[in-house]
Amino acid sequence: MREKPQVLAREIVASSRLFRVEELQLRFANGVERTYERLVSKGSGYGAVMVVAMLDAEHAVLVEEYCAGTDDYQLSLAKGLIEPGEDVLVAANRELKEEAGFGAERLELIAELSLSPGYMSQKIQVVLARDLYAESLPGDEPEPLRVDKVNLRELSALAQHPQFTEGRALAALYLVRDLLTQRGEFKP
């Protein structure tokens, strides 16, 4: 394993209600020094969850919500922040209830993904949810989210959908499809 660079200095150079921009002065093992910036969460740092909720053996739940980053409505998976002291699987079930109106009898942690590790510190826990039942909780969304579904056989087509552009959601769906295929629970 390579030796990580030495941090010579770190400073918050910008801050908003949700994020901070941290500047890092680094010295690499070969003596080269560089300045990097990274986006760090201003919150508690407990992380986030993304839920691949299976309606049946081949259909996963999607939600449509307004995304300020792209200034349009996007299809994605139910997701959200983990509350202080909250277990990852409990957070996944809560977010699923808040955003899609389903709870899950079985939850399984699948993977941890980053969005852009070159300049962001945030990571998200991918959770597989099965044996769904109807249950809603009030969430923090400003309007009700539209619930849709996708067949795991149609992920290539989903990747071409103009309202589905979140790479980590697509990765999560492929991870779950591959896992269920390996287990013999899904036939591609």
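The figures here come from the full heavy-atom set of this structure, side chains too, leaving out hydrogens, waters and symmetry mates.
A donor atom on one side chain and an acceptor atom on the other are not found under 3.5 Å apart for Thr35 and Glu23. One side chain, Gln74 or Asp72, offers a donor N or O that lies under 3.5 Å from an acceptor on the other.
Residues Glu22 and Ile12 form a side-chain contact, since some pair of their non-hydrogen atoms from C-beta on lies under 4.5 Å apart.
In this view, Arg183 and Glu108 satisfy the salt bridge (Lys or Arg N to Asp or Glu O under 4.0 Å) rule, not counting sequence neighbours. Considering only residues two or more places apart in sequence or on other chains, Asp71 meets the side chain to side chain donor-acceptor pair (under 3.5 Å) condition with Tyr66. Contacts of Glu166 classified as salt bridge (Lys or Arg N to Asp or Glu O under 4.0 Å), with partners at least two apart in sequence or in another chain: Lys79, Arg168.
Exactly one residue among Arg94, Glu86, Gln125 makes a side-chain contact (heavy atoms from CB on, under 4.5 Å) with Val49. That residue is Gln125.
Formation of a donor-acceptor pair under 3.5 Å by the Asp131 side chain with backbone atoms of Arg106 is not found in this model. With hydrogens and angles ignored, the 3.5 Å screen pairs a side-chain donor or acceptor of Arg153 with a backbone N or O of Lys187. A distance-only check finds a donor-acceptor pair linking the side chain of Gln163 to the backbone of Tyr73 [under 3.5 Å].
Salt bridge absent: Glu37 and Arg20 never bring a charged side-chain N and a carboxylate O closer than 4.0 Å.
In the hydrophobic clustering of ILVMFWY residues, with side-chain heavy atoms under 4.5 Å counting as a link, Leu170 and Leu75 come out together.
By the neighbour-count criterion of 12 heavy atoms within 6.0 Å, atom CZ of Phe28 is densely surrounded, having more than that number from other residues, nucleotides or ligands.
For Met54 against Ala60, the heavy-atom pair with the smallest separation is SD-CB, 3.9 Å.
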